[in-house]
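See below for the structure under consideration.
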Number of protein chains: 2
Amino acid sequence: MATSVIDPSPRVPADSRRSRKKQDTRNRLIAAADELFERQGYDATTTLDIAEAADVAQRTLFRHFPTKEALLYAELDDARFVLRDALNARPNDEPVLIAIREAMAELGETIVANRERRLLEARLAATTPAVSGHFRAVIQAGWERELIVAIADRLDVDPMQDPRPEVLAGAAMSACRVATRQWTVAEGDADYVALADRALESIAGLGALT
Amino acid sequence: MATSVIDPSPRVPADSRRSRKKQDTRNRLIAAADELFERQGYDATTTLDIAEAADVAQRTLFRHFPTKEALLYAELDDARFVLRDALNARPNDEPVLIAIREAMAELGETIVANRERRLLEARLAATTPAVSGHFRAVIQAGWERELIVAIADRLDVDPMQDPRPEVLAGAAMSACRVATRQWTVAEGDADYVALADRALESIAGLGALT
DNA sequence: TTGACGAATGTCAGTCACTGACATTATGGT
DNA sequence: ACCATAATGTCAGTGACTGACATTCGTCAA
């Protein structure tokens, strides 16, 4: 869900032929981008290439995705809603860091399911500044916002006054980045959930470092 | 210093007329960008506008700065070397989080000195996604790298294996972002160093949150 | 002083991501 | 069948950035 682009009130049943076709072009665009990025690299692939490979006009591509990078991270961007739901599902009396670890564990399963795509994202992010930049600026920032409001809710504090929600969220996102990098170095042959949990756990000991 | 762009080995004395002129065009470009961003907004200002206001060719602008955003963040980008030096200057037996707080305090003074520019950066980042994105993707990531190597050095661990350096660095950068936001909300009429220190201090208690 | 060398800049043409405006086609409801 | 409108197509831009080559200007040595 979440078309990555703003489309307000659909007056059409969510499962009409129209919406199926729309979803289909969206999927074809993602698949085309995937394959082209894989085959000829990110920078060497133009949005026109992608559109033609998906057999749509370039303009249509930009109606579905706001930027070229969004094509790559469509799935991870939507995953922030999964994160939000997972967080809200944790019991309210659970310590915040525990709740985050549990929610991330749940999310981690979903993430790693698409192993090949995750590895592609990682490869491209490692070689292309535009990609890693977009990840930090858009994807990670989006996840972070979800974390912040969830944490502030639990602590019942104002995240504009109390620095802890944002600081904890930042630490958690860094932990996820580390876990992802380690998982990527291992070519996906590692327990992502365990890696992430270990990194998240380390947050508790940050103040005691020599 | 660090010209924000790669120029390897200058065979010319660092204080020749040539280098002074070069530095001068660089400064004029920054000043021109500053004023135009202030007057007509970020998006409404083209790189050609800036170049003409500084009385150079557009091509020259892009020889001094790799992107339009870099014009805005030239100073903050260079500040990462100040951060590195400040960190290295801290005694080796000092606990890491303390060292970071002290180094940031030192850095904070430098930062807040240019109050008007900081407020301009904040205003633009708050209204223009391209600006806030660049900040996260380039500036903050750069500072974070400095933090990571400094922390890993002190702990004598491999930052690729041990998640703690990167996690702590991420938390610290988030703390700085919070402090900057609070300082900005107060229109610069607040003790930035105190705000940053309070946010950084909160890292120690992250694991104990209910 | 002069002349050679090279750094900084200028000029120009091009690529490519992205956008606004308007025309066309395809669906869904009537 | 008919109309409203969602989805797409077409086209002509704008603007950031780049490569190639010409020109100017500071530096230094003979």
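We use all heavy atoms of the structure for the numbers below, so side chains are in, but hydrogens, waters and symmetry mates are not. Naming: A, B, ... by sequence-line order, numbering from 1 per chain.
When the nucleotides C:dG10, D:dT8, D:dT5 are ranked by their closest atom to the side chain of A:Arg18, D:dT5 comes out on top.
Between D:dC25 and B:Lys21, no contact under 4.0 Å exists linking OP1 or OP2 to a side-chain N or O. The side chain of A:His64 places no N or O atom within less than 4.0 Å of a non-bridging phosphate oxygen (OP1 or OP2) of D:dA7. At D:dG15, none of the side-chain N or O atoms of B:Thr46 fall inside 4.0 Å of OP1 or OP2 (strictly under the cut-off). The side chain of A:Thr25 contributes an N or O atom lying less than 4.0 Å from OP1 or OP2 of D:dT8. Within the 4.0 Å cut-off from OP1 or OP2 of D:dA16, at least one side-chain nitrogen or oxygen of B:Thr47 is found. Listed pair A:Thr60 / D:dG9 meets the phosphate criterion, a side-chain N or O lying under 4.0 Å from OP1 or OP2.
At whole-Å resolution of the value, CD in B:Gln23 and P in C:dT9 are 11 Å apart. Spacing between atom CD of B:Gln58 and atom C1' of D:dG19 amounts to 14 Å, rounded to whole angstrom units. Following rounding to the nearest Å, B:Leu61 (CG) and C:dT11 (P) show an atom-to-atom distance of 15 Å. Rounded to whole angstrom, the span from the CZ atom of B:Arg63 across to the P atom of D:dT24 amounts to 15 Å. A straight line from CZ of A:Phe62 to P of C:dC16 spans 12 Å, rounded to a whole angstrom. The separation between A:Leu71 atom CG and C:dA17 atom P is 11 Å, rounded to whole Å. Summarising the geometry, the separation between CZ on B:Arg26 and C1' on C:dA7 is reported as 17 Å, rounded to the nearest angstrom. Separating the NZ atom of A:Lys68 from the P atom of D:dA16 is a distance of 18 Å, rounded to the nearest angstrom.
Considering A:Glu69, A:Gln140, A:Glu121 in turn, A:Gln140 is the only one that fulfils the side-chain contact (heavy atoms from CB on, under 4.5 Å) rule with A:Phe135.
For the pair B:Arg20 and B:Leu48, nearest-nucleotide mapping onto DNA chain D gives the more 5' position to B:Leu48. Nucleotides of DNA chain C nearest to B:Asp55 and A:Asp43 differ in position, and the one nearer the 5' end is that of B:Asp55.
In this structure, A:Arg17 reaches the sugar-phosphate backbone alone: every heavy-atom distance under 4.0 Å involves primed, P, OP1 or OP2 atoms, never a base.
A donor and an acceptor atom, one from each side chain of A:Ser174 and B:Glu166, are nowhere located under 3.5 Å apart.
Within a 6.0 Å sphere centred on CZ of B:Arg17, heavy atoms belonging to other residues, nucleotides or ligands number 12 at most.
In this structure, the side chain of A:Arg28 engages the main chain of A:Ala54 through a donor-acceptor pair within 3.5 Å.
Classified by interplanar angle (parallel below 30°, tilted 30° to 60°, perpendicular above 60°), the ring pair A:Trp183/A:Tyr192 is perpendicular.
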